[in-house]
Amino acid sequence: MRKKLLIMLLALFIILQSPVKAEVYYKDLSSTYWATPAITKLVNLGYMEGFPDGTFRPNEVVTRAEAAAIIARAIGGDTSTNFSLQAVDVTSANPYYMEICLLAELEIIQNNEYFQPDEPLQRAHLAKIIALAFHITTDAYNKAAFKDLPKNYWAKDYIESLADIEIITGKTADKFEPTAPVTRAHLAAFTARGMEFQDKVKNYEVAYDYLVRDYIPTIAEKKKDAQEVVAIVNKLRQEHGLDPVKHDLLLSQLAVIKAQDMVERNYFEHRSPHYGAPWDMAELFDYSYTSFGENIARNYNSAQAVTDAWMVSPTHRENILKSSYTHIGIGIKQATNGQYYWVQLFSSK
């Protein structure tokens, strides 16, 4: 009997600790509803919640204050700020006062005399907030275009840039309806996508290319081989009485960009026809350094083989054993013909 009771208590504990699934909890959400995954994510993270009657009301309009609170939670900001809010229509009694203060302090929303907390949030304003909150680079060079956005419309660049990377969508294929109110479902979807895109940036899976004025994928291949190259290089440096170099993830992202550039533009040179010299590319992607070096190779299938080849070459060996280098990055990309392109970058900081 005691054993049975313990099992029941353990089962109850597991149930209580499990995150609530929105598609089960809210009676007006089905598992097939387009925004259910995003709503589920934000509810389980504690950023959004439903209503006491067991509904989520996905088509209900969101107020400016409600949206500010959800975005503030999503970016994980410290709401214990002492920021002086200028808005006379938002008092400390407002349940979202601290979240609004946080967004104003971070300049995600304007710190004006009036915030209009109870007014519906417009879709154009949400686009700007998403871009600023998740540090997404926007520009005027976009593939997306909406007929209802005039050329000089204040939020055009925000909207079209976010549409390019599929964070936001129009009401139709060619109309965005910028002044339309934002629904709870759309706020959840756009916020979840903004969070996911920010994670891709943090994980070095995408980077903003200032030459093409767009985000490009930077997915690393053969990660274990890249790590093995770093280990082999540091073993060689140790054998020669040198300090090890640190595996720099941002530098590895640059190496991936260079490797895929060689694959896509079909060349094998230190100087890229697109980015220029290796150090030019580093500066383009805002990589700080005091000195910089690059080794490249192709037609090698293992970390040991490519490192052995580099060590035979005097100039490549010099990079590997240069005492002033402190950081290393490795990028590997496979061409359609199966050939691997290897890029090894070094820097001093």
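Hydrogens, waters and symmetry mates are skipped; everything else that's a heavy atom, side chains included, is used. This is a predicted model, so every value here is computed, not measured.
Judged by distance alone, with hydrogens and angles left aside, the side-chain atoms of D209 form a donor-acceptor pair with the main-chain N or O of L211 at under 3.5 Å. With R265 contributing its side chain and S272 its backbone, the two residues share no donor-acceptor pair below 3.5 Å. Between the side chain of N111 and the backbone N or O of Q86, at least one donor-acceptor pair lies under 3.5 Å. The closest donor-acceptor contact from the side chain of T326 to the backbone of V245 lies at 3.5 Å or more, if one exists at all. Panel note: side chain Y341, backbone D261; no donor-acceptor pair is recorded below 3.5 Å. Side-chain N or O atoms of W310 include one that pairs as donor or acceptor with a backbone N or O of I296 at under 3.5 Å. Between the side chain of T36 and the backbone N or O of S31, no donor-acceptor pair lies under 3.5 Å. Judged by distance alone, the side chain of R237 and the main-chain N or O of D243 form a donor-acceptor pair under 3.5 Å. Side chain of N295 to backbone of H316: a donor-acceptor contact under 3.5 angstrom is found. A donor-acceptor contact shorter than 3.5 Å is absent between the side chain of D248 and the backbone of G329.
Shown here are the side chain to side chain contact (heavy atoms under 4.5 Å, CB included) partners of N337, two or more places apart in sequence or in another chain: A335, Q339. Not counting sequence neighbours, the partners of K156 by the salt bridge (charged side-chain N to carboxylate O under 4.0 Å, His left out) test are E160. The side chain to side chain contact (heavy atoms under 4.5 Å, CB included) check on S252 picks up H247, with sequence neighbours excluded. Qualifying side chain to side chain donor-acceptor pair (under 3.5 Å) partners for E205, counting only residues two or more places apart in sequence or in other chains: none. Take Y210 and apply the side chain to side chain donor-acceptor pair (under 3.5 Å) test, not counting sequence neighbours, and it matches no residue. For D157, there are no side chain to side chain donor-acceptor pair (under 3.5 Å) partners, not counting sequence neighbours. Listed by chain and residue number, V61, P181 satisfy the side chain to side chain contact (heavy atoms under 4.5 Å, CB included) test with P120 (two or more places apart in sequence, or in another chain). Taking D164 as the reference, nothing meets the salt bridge (charged side-chain N to carboxylate O under 4.0 Å, His left out) condition, with sequence neighbours excluded. With sequence neighbours left out, the side chain to side chain donor-acceptor pair (under 3.5 Å) criterion links T172 to D174.
Under the salt bridge (Lys or Arg N to Asp or Glu O under 4.0 Å) criterion, no residue pair touches residues 280-293, with sequence neighbours excluded. Within the structure, ring-ring contact (aromatic ring centres under 6.0 Å, His included) pairs that include any residue of residues 83-103 do not occur (at least two apart or interchain).
Expressed to the nearest 0.5 Å, how far CG of L45 lies from CD1 of I70 amounts to 12.5 Å.
Between H125 and W154, the distance separating the two ring centers is shorter than 6.0 angstrom.
Put simply, the side chain of Q260 reaches to within 4.5 Å of the side chain of I216, judged on heavy atoms. Taking the side chain as every heavy atom from C-beta outward, E196 and K41 approach each other to under 4.5 Å. T191 places none of its side-chain heavy atoms less than 4.5 Å from the side chain of Y47.
Taking each heavy atom of A133 and I71 in turn, the nearest pair found is CB-CG2, 3.7 Å. When all heavy atoms of Y289 and A282 are compared, the pair lying nearest together is CE2-CB, 3.9 Å. L29 approaches P58 most closely through the heavy-atom pair CD2-CG, 4.0 Å. Across all non-hydrogen atoms, the minimal contact from L254 to F285 is CD2-CB, 3.5 Å. Scanning all heavy atoms of the two residues, the minimum distance from L126 to F190 falls at CD2-CD1, 3.5 Å. Closest non-hydrogen pair, A74 versus M195, comes out as CB-SD, 3.9 Å.
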Name every donor-acceptor pair, under 3.5 Å, that has one atom in a side chain of residues 222-232 and the other anywhere in the protein, sequence neighbours excluded.
residue	atom	partner	partner atom	Å
K222	NZ	D225	OD1	3.4

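Ring pair F292/Y287 is perpendicular by interplanar angle, where above 60° counts as perpendicular and below 30° as parallel. Using bins of under 30°, 30° to 60° and over 60° for the plane-to-plane angle, the ring pair F146/F176 lands in the tilted bin.
Heavy atoms of other residues, nucleotides or ligands lying less than 6.0 angstrom from CZ of F51 number more than 12. More than 12 heavy atoms of other residues, nucleotides or ligands lie within 6.0 Å of CD in E60, so this atom counts as buried by the packing criterion. Other residues, nucleotides and ligands place no more than 12 heavy atoms under 6.0 Å from the OH atom of Y300. K175 NZ: 12 or fewer foreign heavy atoms inside a 6.0 Å radius. Counting heavy atoms of neighbouring residues, nucleotides and ligands inside a 6.0 Å radius, atom CD of Q116 exceeds 12 of them. Other residues, nucleotides and ligands contribute more than 12 heavy atoms inside 6.0 Å of the CG atom of D53. Summarising the local packing, CD of E166 is surrounded by 12 or fewer heavy atoms from other residues, nucleotides or ligands at distances under 6.0 Å. Residue-environment remark: CD (E49) stays at or below the threshold of 12 foreign heavy atoms within 6.0 Å.
Grouping the Ile, Leu, Val, Met, Phe, Trp and Tyr side chains by contacts below 4.5 angstrom, directly or via other members, places L42 with I129.
A salt bridge links E221 with K333: at least one charged nitrogen is closer than 4.0 Å to a carboxylate oxygen. For the pair D148 and K171, the salt-bridge criterion is not met [side-chain N within less than 4.0 Å of a carboxylate O].
Checked by atom type, the side-chain pair T138/S161 shows no donor-acceptor distance below 3.5 Å. A donor-acceptor contact closer than 3.5 angstrom links the side chains of D308 and Q304.
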